[in-house]
Enquirer: 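Quick one: structure below, then a few questions.
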Amino acid sequence: MADKVWVYIDQFDGEAIPSSWELFGAASKLANEMGGGVTAVVAGADVQQVAELAVHYGADQVYVCNDETLKEFRAEPYASVLSGLASEQQPEVILFPTTSRGRELAAMVAVDLKTGVLPDVTNLEIQDGKVLATRPVYGGKLISKVVCNAQPQLITLRGRAFSPPAADSTKTGQVDPVAASVAEDEIKTKVSGYTESQKGVSLNDAAVIVSGGRGVSNNPSLEPPAGLDESEVEIWRAQEGFKLVGELASVLNAAVGASRAAVDAGYILYEHQVGQTGKVVSPDLYIACGISGAIQHQAGMRTSKVIVAINKDPEAPIFKMARFGVVGDLFEILPPLTESLKARLNS
Amino acid sequence: MKIVVCVKQVPDTAAKVVVENGQVTWGDAPLVINPWDEYAVETALLQEEEHGGEVTVISVGGEDAKEALKHALAMGCGNAILVSDPSLKNADSLVTSQVLAAAIQKIGDVDVVFFGKQAIDGDVGVTAAQTARVLGWPSLTLVSEITELDPGSKTISVERSVEEGRQVVSGQLPAVVSVVKDIGEPRYPSFMGIRKASRAEIPMWSIAEVGVEVSEPVVEWPDLFNPPKQEVVTEIVSGGSPQETAETLAEKIIEEKVL
Ligand SMILES: Cc1cc2nc3c(=O)[nH]c(=O)nc-3n(C[C@H](O)[C@H](O)[C@H](O)COP(=O)(O)OP(=O)(O)OC[C@H]3O[C@@H](n4cnc5c(N)ncnc54)[C@H](O)[C@@H]3O)c2cc1C
Ligand SMILES: Nc1ncnc2c1ncn2[C@@H]1O[C@H](COP(=O)(O)O)[C@@H](O)[C@H]1O
C-alpha cells in the first residue's frame, strides 16, 4: 500500500536544496503516528543521485522523474508530475521545503487536487488524526494553528525549524522512475538562464547571518576617492562598511543580510533584505550591524536564537531583542571582532 | 492592452496586532493596501503608460477593502471592482484564487494580471500561482524586472528573483505575474488622484454575478494567539577599547555555542 506521508525534494541543477533533508525528520514522525513509511518525490533532468540520497535520509520509496523538460524549473510541468502521482496514490500529507519553488508547487498542486496549502510552517503535531500545523502570521506578530480539511494536506516547512536526520548510507529503499506528463510544446514558458547568480551562503539555509543597515555608510573618517558625487560617495562608504560585514560573515560561514533602508539606498541587492517585505529568517546567530531594529525588520528575524546588536545609539530598539549588545561604532568594533572570532574558531 | 491588478486590504505594517477573545485586533491602526500590492499597481501603471490600454484593480473582501481599491485608483488605475459576498467570509487561498480567476474571465480579453508577492496578514504567498493555475495561464512569480512585454505578439520576458539569482524567463500572454520590490518604487497618489478616488463609485460583484462555483474552504484556523513573550535579558558588552569590547563579545558569542 502506498505511503501516507510524502516529501518533495527541491533541487537546483541536480543538487538537493539542503532544507529538503529537514523534511525527513518531520515526515518519519508523522509516518510513525499515521502508519506506513515515507515516500519521496524528486524531479529534474538528471536527479538519480538525489533519489539515492533521499533513501539515505529515510525514504522507503522514491519516485524519480528525469526528463529534459524539467531541466530548468518551471512550476507548471513540475506541478503536473506531482499532482499526477498524488491523485493516483492518494497520500494524506505532502511536505515541501519553503523555497520559492516549494511554495509555488504546493500552490499549484492544491489547485489541481482541490486541497489546501499551509505554507511556512514551524511545528507539526497530530490531533484527532489530523495534522495540526503551527505558522507565524502578521509578520510573526501572531501565531496560528491551522488544519487542512482535505487531502493531501500540502505543507511547506520553514527552513531550519526542523532538524534533518543524519544520513545513513547503509539504508535501502525502492527507487521508481516516473514519466513527465507535459510535453515541451504544451509548456507556455521558456527559461534562458540566470543573471547575477548568487554566490555564498543563502539566507534561507544560513545558521549564522551578519546583517548591515543604514549605519554601514556612516564612517565620516573614510576618505572617498576623488570625482564621486554625493550619492556615489554614500554608496562607496556603504560598500566599505559591507566589506567589514562580509569579512565577519566569511569567517563565520554566514550569509549577509540587510535592512530595507540599506537595500533602498542601493547599498546591496534586494535579495539580501531581511524583514516583512524581505526574507524571514531564523538562524542560530543573527548579528545586526548599524540596524535600528524597526518593527518591519524584526518581523524577519525575531525568531533568531541569539541576536547580537552593534549600534551607536543606546536607545535603538534592536537592543531590546538582543542577547548581547555593543553600543559603539561598527567600523571600530567589526575588525577586531572578526579577528578575535577567527582566532577562537581556529584554536 | 487590458491589465488587471489584484490587491488586498491589510492592517498597517507598524500596527500592534493582538488577539483578544479569539479575535484579531489592531486598535485604531489604519487598514491599508497590502504593501506588496503597491508594487503590483506601480508595475501595471508603468505598462499602461508604455503600451496604452486600461488598468482594472480588483479585490476580494468586505466593504472595507474599498479603501485599498481607492488607493490604487488614486495612484492612477482607471477602474476598480470589489468582489464581495457573505459566502466568502472564510475564504482560503484556493477559494480566493477561483474567485479572482472567474472575475478576470468576466472582465474578458485580459492580457496580463499583476499580483503582489504576499499578503502581509496571512503571509501565505500562493494566490498568484493558484490563480494562474486555475486560469491555465503561465505563472511568472517573484518578478523583479519585466524586460519585454509585447501585446502584439503576445509575449513577455521577465527576470524572477529566486534563491539562486535572477531566473530569465519568457512566456506567452495572457499571463499572471507577481512582483517583488525591485520592480520599482510605487508612486504616491496625486492630489487630483485622491480627489477622483474619493468620489469614485466602486462596483460590487457578488459570487452569482461573477458566475463561479467555488469550493468549500478547506483551511481552518482553530487557534490564533500572541506569541509567548521571549524574555531576553540583554547584556551590554563594553570594555576599555573597541579591541577589548570585541574580545569580550567574541568570547560571549562562543559561550552561547551557536557557532
Ligand atoms: C511597508 C513597510 C515594509 C517594510 N519592510 C521592511 C523590511 O522588510 N525590512 C526592513 O529592514 N525594513 C523594512 N521597512 C523599513 C523599516 O521601517 C525601517 O525604515 C528600516 O528597517 C530601517 O533600516 P535601518 O535600521 O538600516 O536604518 P535606520 O533606522 O536609519 O537605522 C540605522 C541605525 O544605524 C545606527 N548607526 C549609524 N551609524 C552607525 C555606526 N557607524 N556604527 C553603528 N551603528 C550606527 C544608528 O544609530 C541607527 O540605529 C519597512 C517599512 C514599511 C513602511
Ligand atoms: N482577497 C484578495 N483580493 C485580491 N487580491 C488578493 C487577495 N488575496 C490575495 N491577493 C493577491 O495575491 C497576492 C498574494 O497573496 P497571498 O497568497 O494571500 O499571500 C497579494 O499580494 C494580492 O496581490
Side-chain angles (χ1 to χ4, degrees), chain A residues 12 75 99-100 103-104 107-108 110-111 114-117 119-120 137-139 141-150 188-198 202 204 252 270-271 276-277 284-285 295-296 305-306 308 319 321-328 332-333 336-337 340-341 344, chain B residues 13-14 17 19 24 35-36 92-94 120-126 129-130 133-134 138-139 141-142 159 161-172 180-182 215 218-227 232 234-237 242-243 245-247 249-250 252-254 256 258-259:
Chain A
F12 183 78
T99 55
S100 60
R103 201 189 274 257
E104 191 168 15
M108 290 193 174
V111 171
K114 297 270 183 297
T115 182
V117 198
D120 214 14
V137 290
Y138 292 89
K141 290 174 193 165
L142 301 180
I143 309 288
S144 66
K145 299 253 174 148
V146 284
V147 293
C148 168
N149 294 318
K188 293 175 182 158
T189 54
K190 294 253 177 296
V191 175
S192 51
Y194 287 78
T195 63
E196 304 199 39
S197 66
Q198 234 89 314
S202 111
N204 293 22
L252 303 179
Y270 166 64
E271 280 76 0
Q276 187 139 25
T277 48
D284 294 332
L285 175 62
I295 186 150
Q296 296 93 348
K305 222 189 223 159
V306 174
V308 174
F319 285 123
M321 53 190 324
R323 175 70 189 90
F324 301 115
V326 172
V327 179
E332 290 176 3
I333 301 291
L337 181 63
S340 175
L341 280 167
R344 274 163 226 260
Chain B
T13 52
V17 181
V19 178
V24 184
W36 290 107
D92 56 18
S93 66
L94 181 61
I120 62 155
D121 48 2
D123 288 329
V124 183
V126 299
Q130 293 197 309
R133 192 71 169 176
V134 175
S139 158
T141 52
L142 309 175
E159 291 189 11
S161 177
V162 297
E163 287 85 352
E164 291 77 16
R166 303 261 164 116
Q167 191 193 36
V168 184
V169 193
S170 56
Q172 298 163 14
V180 295
K181 262 190 62 191
D182 276 13
S215 347
V218 293
V219 177
E220 234 180 87
W221 305 38
D223 200 7
L224 194 61
F225 51 93
N226 301 301
V232 276
T234 307
E235 194 179 324
I236 297 294
V237 179
Q243 178 72 37
T245 308
E247 293 277 348
L249 178 60
K252 296 206 178 272
I253 292 174
I254 300 272
E256 291 287 320
V258 284
L259 286 175

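Naming convention: chains lettered A, B, ... in sequence-line order (proteins, then strands); numbering from 1 in each chain. Predicted, not measured: the structure shown is a model, and the values here were computed from it.
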Enquirer: What is the minimum heavy-atom distance between B/W221 and A/S144, and which atoms define it?
Expert: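 Closest approach of B/W221 to A/S144, heavy atoms only: CE3-CB, 3.8 Å.
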Enquirer: In terms of heavy-atom pairs under 4.5 Å, which option from A/T99, A/V111, A/V326, A/V308 contacts chain B the most?
Expert: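 Looking at each option in turn, the highest pair count goes to A/V111.
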Enquirer: Any heavy-atom pair between the side chains of A/Q276 and B/I120 that's under 4.5 Å?
Expert: yes
Enquirer: So which heavy atom on B/V126 is nearest to which on A/A107, and how close?
Expert: CB-CB, 3.6 Å
Enquirer: What residues form a salt bridge (Lys or Arg N to Asp or Glu O under 4.0 Å) with A/D284, not counting sequence neighbours?
Expert: A/R160, A/K305
Enquirer: Output yes when a side-chain donor or acceptor of B/E220 lies under 3.5 Å from a complementary backbone atom of A/V147, and no otherwise.
Expert: no
Enquirer: Report the option among A/I143, A/V146, A/L337 that has the most heavy-atom pairs separated by less than 4.5 Å from atoms of chain B.
Expert: A/I143
Enquirer: So what's closer than 4.5 Å to chain A heavy atoms on B/D92: side chain, backbone, both or neither?
Expert: neither
Enquirer: Is there a side-chain contact between A/V137 and B/L224 (heavy atoms, below 4.5 Å)?
Expert: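 The answer is yes; the side chains approach within 4.5 Å.
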Enquirer: Shorter than 4.5 Å, heavy atoms on both sides: which option in A/V117, A/L252, A/T277 has the most such pairs with chain B?
Expert: A/T277
Enquirer: Non-hydrogen atoms of chain B under 4.5 Å away: do they reach the side chain of A/D120, the backbone, both or neither?
Expert: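 Interface part for A/D120: neither.
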Enquirer: Using a 3.5 Å distance criterion without hydrogens, assess whether the side chain of A/T189 forms a donor-acceptor pair with backbone atoms of B/G171.
Expert: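 Answer holds: no.
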Enquirer: Go through A/Q296 and B/T13 one step at a time and tell me if the side-chain hydrogen bond (donor to acceptor under 3.5 Å, both in side chains) criterion holds.
Expert: CA-CA 7 Å; A/Q296 296 93 348; B/T13 52; 2.9 Å; yes
Enquirer: Counting only heavy atoms closer than 4.5 Å, note whether B/T234 contacts chain A via side chain, backbone, both or neither.
Expert: both
Enquirer: Passes side-chain contact (heavy atoms from CB on, under 4.5 Å), A/L341 versus B/L249? Steps please.
Expert: CA-CA 9 Å; A/L341 280 167; B/L249 178 60; over 6 Å; no
Enquirer: As a quick check of understanding, evaluate side-chain contact (heavy atoms from CB on, under 4.5 Å) for A/E271 and B/R166, giving each step before the final call.
Expert: CA-CA 10 Å; A/E271 280 76 0; B/R166 303 261 164 116; 2.8 Å; yes
Enquirer: Tell me, do B/V162 and A/F12 make a side-chain contact under 4.5 Å, heavy atoms counted?
Expert: no
Enquirer: Are any of the side-chain heavy atoms of B/T141 and A/S100 separated by less than 4.5 Å?
Expert: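 Side-chain contact under 4.5 Å: no.
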Enquirer: Go through A/G116, A/G325, A/A322 and name the one with the most non-hydrogen pairs under 4.5 angstrom from chain B.
Expert: A/G325
Enquirer: Compare every heavy atom of A/I295 with every heavy atom of B/A14, then report the nearest pair and how far apart it is.
Expert: CA-CG2, 4.0 Å
Enquirer: Using a cut-off of under 4.5 Å for heavy-atom pairs, which of B/D121, B/D123, B/V24 has the most such pairs with chain A?
Expert: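 Heavy-atom pairs under 4.5 Å are most numerous for B/D121.
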Enquirer: Which atoms of B/S139 come close to chain A, meaning under 4.5 Å heavy atom to heavy atom: side chain ones, backbone ones, both, or neither?
Expert: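 When you check distances to chain A, atoms from both the backbone and side chain of B/S139 fall under 4.5 Å.
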Enquirer: Given that the side chain runs from C-beta out, which part of B/Q130 has a heavy atom under 4.5 Å from chain A: side chain, backbone, both or neither?
Expert: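 Looking at B/Q130, backbone and side chain both touch chain A.
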Enquirer: Tell me, for B/L259 versus chain A, whether the close heavy atoms (under 4.5 Å) come from the side chain, the backbone, both or neither.
Expert: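 When you check distances to chain A, only side chain atoms of B/L259 fall under 4.5 Å.
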Enquirer: Closest approach of B/A250 and A/S340, non-hydrogen atoms and distance?
Expert: CB-OG, 3.2 Å
Enquirer: Quick one: of A/M321, A/R103, A/E332, A/K114, who has the most non-hydrogen atom pairs under 4.5 Å with chain B?
Expert: A/R103
Enquirer: What I'd like to find out is whether the side chain of A/V306 reaches to under 4.5 Å of the side chain of B/I253, using heavy atoms alone.
Expert: no
Enquirer: I need the minimum non-hydrogen distance between B/A129 and A/E104, along with the two atoms involved.
Expert: CB-CG, 3.7 Å
Enquirer: So which of B/V169, B/V168, B/I236 has the largest heavy-atom pair count under 4.5 angstrom toward chain A?
Expert: B/V168
Enquirer: Restricting to side chain to side chain donor-acceptor pair (under 3.5 Å), what partner residues turn up for B/Q243, sequence neighbours left out?
Expert: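 Applying side chain to side chain donor-acceptor pair (under 3.5 Å) to B/Q243 gives B/E247.
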